[in-house]
Every structure is written in structure tokens, then in C-alpha cells.
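Please read the structure below before turning to the comments.
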Amino acid sequence: MDIELASERDREYMRRLGQYQDEANAEWRAAWRALPLHVRLEHSAARRFGLPVSPRRDPEEPEKIYERAKRLGLYRA
């Protein structure tokens, strides 16, 4: 006995949904890669260490990120 779990219509809908997600992700990746490297690094580090990302902060002053990393035992000077 062969039971069909999803109709062809359902499969086609899921294919289109996946295609839309791929397109949206490609746009997001392109926008992310267009940012300067220091901004991308700051955002990534802030997410990793749970710090807020402040666009007004000078990218040359990462003290807060290093302080938190030291407290968590993730960084040693």
C-alpha cells in the first residue's frame, strides 16, 4: 500500500517558498557583504558576546567587547 504524504500542489508550493527564501537570503547576504569589514566584525562580535550594537561607537574602540570576553573567560590579554 503506497500512501502519498504530500500532493504535487503542496510540493510546488514548498518549492516556490524555498525559492523566495533563497532570493531574500541572497539579497540580505549582498547587503551584509557591502558593509565595511569593521562594521561586520563589530556586529558579529556584539551578537556573540551579547552586547548592543551602537552605530555611534568608534570602530577603533572595542573595549566593551574585550571586557565582556575576558569576564566570560573567552579572551586573555
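If you're wondering where the values come from, they're calculated on a predicted model, not measured in any experiment.
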Over 12 non-hydrogen atoms of neighbours within 6.0 angstrom of CZ in Arg16: yes
Distance, nearest 0.5 Å, that separates NE2 of His43 from NE2 of His38: 9.0 Å
Step-by-step salt bridge (Lys or Arg N to Asp or Glu O under 4.0 Å) determination, Glu8 to Arg11: CA-CA 5 Å; Glu8 187 55 39; Arg11 288 188 197 104; 3.4 Å; yes
Remaining members of hydrophobic cluster (4.5 Å side-chain criterion), Leu17: Tyr13, Met14
Arg48, CZ atom: more than 12 neighbouring heavy atoms under 6.0 Å: no
For Arg9, side-chain contact (heavy atoms from CB on, under 4.5 Å) partners two or more places apart: Ser7
In a table with atom names and distances, give each donor-acceptor pair under 3.5 Å that connects a side chain of residues 27-34 to protein atoms at least two apart or in another chain.
none

